[in-house]
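To start, the structure under review is shown below, and the notes come after it.
Keep in mind it's a predicted model, so treat the numbers as computed, not measured.
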Amino acid sequence: MAGRKPVKMDRKELEAWLAQVLVPVEPNPRFLRRLRARLVTYQGGGPFSGWMILVVLATALLLAITGLGLVIRLILGWLNLLGILGRKRRDTTEPETISV
Amino acid sequence: MGLMTKPDVSDMELVQRAGSDPDAFGELYERHVRRIYNYIYYRTGNHHDAEDLTARVFQRAMRHVVNFEDQGVPFSAWLYRIAHNLVANWHRDRSRRPVVPLEDHIIGSKEGSHPEVEAIVEEERGMLLAAVRHLPPDRQQLLILKFVERLSNAEIGEIMGRTEGAIKSLYHRTLNALRDEISSLEG
């Protein structure tokens, strides 16, 4: 085809030229993979699907219960410590009150 | 689920399931993405816009696939129509902000061939593609379906919503118009 002057070409010649130029091109495989993943994710298992919402809610509930348990344990531990300290102080001051 | 790459399952069956089954839409995508990409590539002339518009075609198709009704028109025709509309919008936007795609002007070098011969081949190829892109959109579509997709007149007629005879006649007129375009580009 190189160097040919396509002036006044006949139909067969033009068709042959078209067949030579208009050939299938292969898209980038990475583009095809990414687009497929995006489409399928968007439609079915995306971040706003029902299952995902359920999993997020369950995890949040579990974290809240665990957090509440931790806070209760800390409060109880603090009260326990205060109790121990109070008892120690009472024990050290008790003999003086007896002598009085 | 369970529809992965089954050639015996028709497009219409997949379309009916695509609303609730992502794999069904995935299968439709695998079947048609290359065709749509090629169509858009030859209409736009560069890979970057072909990728962008192909992605938009399938995103739009996925959103509206539940509304697709079997009226004897193949699913591919529906996709081509979406692609056609998006390419038309792309051309309209581009005419407002003209840009020159870089890759149209890159001449690929093949080992062993003379650079001068390559340059001439590339120039002729560019001229033919430019002439094709000067044709009305339906004629461009016809040439792409006939030469890139190698479809018969009957298949092209199904996609373009015309009879086989009308396609034959349009093809004849397209070749004449293309010859005129080439002559005007050369002159």
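- Side-chain contact between Tyr42(B) and Val25(A) is present, with heavy atoms from C-beta onward closer than 4.5 Å.
- Taking all atoms of both residues into account, the shortest heavy-atom contact from Arg179(B) to Asp10(A) is NH1-C, 3.5 Å.
- Neither the backbone nor the side chain of Tyr39(B) comes within contact range of chain A; no heavy atoms are under 4.5 Å apart.
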Should Leu22(A) and Leu128(B) be marked as a side-chain contact (heavy atoms from CB on, under 4.5 Å) after you check the CA-CA gap, both sets of side-chain angles, and the distance that decides it?
-> CA-CA 9 Å; Leu22(A) 294 179; Leu128(B) 180 61; 5.9 Å; no
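- Contact check for Trp17(A) versus Ile182(B): side-chain heavy atoms found under the 4.5 Å cut-off.
- Taking the side chain as every heavy atom from C-beta outward, Tyr171(B) and Glu15(A) approach each other to under 4.5 Å.
- Smallest separation of non-hydrogen atoms from Val21(A) and Arg125(B): CG1-CG, 3.7 Å.
- Side-chain contact between Leu178(B) and Leu14(A) is present, with at least one heavy-atom pair separated by less than 4.5 Å.
- The structure places CG of Leu18(A) at 11.0 Å from NZ of Lys146(B), a figure rounded to the nearest 0.5 Å.
- Residues Val40(A) and Tyr29(B) form no side-chain contact, since every pair of their non-hydrogen atoms from C-beta on lies 4.5 Å or further apart.
- Two residues are said to be in side-chain contact when any heavy atoms from C-beta on lie closer than 4.5 Å; Arg34(B) and Pro27(A) meet this criterion.
- A pairwise comparison of heavy atoms in Thr54(B) and Phe31(A) identifies CB-CZ, 4.0 Å as the closest pair.
- In this structure, the side chains of Arg36(A) and Phe58(B) stay at 4.5 Å or more apart for every pair of heavy atoms.
- More than 12 heavy-atom neighbours from other residues, nucleotides or ligands sit within 6.0 angstrom of CD on Glu26(A).
- By the rule that hydrophobic residues join a cluster once side-chain heavy atoms approach within less than 4.5 Å of another member, Val73(B) and Phe75(B) end up as members of separate clusters.
- Interatomic distance, CG of Asn28(A) versus NE2 of His47(B), reported as 9.5 Å (0.5 Å rounding).
- When the side chains of ILVMFWY residues are joined at heavy-atom separations under 4.5 Å, either directly or via intervening members, Val71(A) and Leu79(A) end up in a single hydrophobic cluster.
- If you chain together hydrophobic residues whose side chains sit under 4.5 Å apart, Leu76(A) and Ile84(A) never meet in one group.
- By the 6.0 Å contact criterion, NE2 on His172(B) is open, its count of non-hydrogen atoms from other residues, nucleotides or ligands being 12 or less.
- Inspection of non-hydrogen atoms places Arg150(B) of residues 150-159 of chain B under 4.5 Å from chain A.
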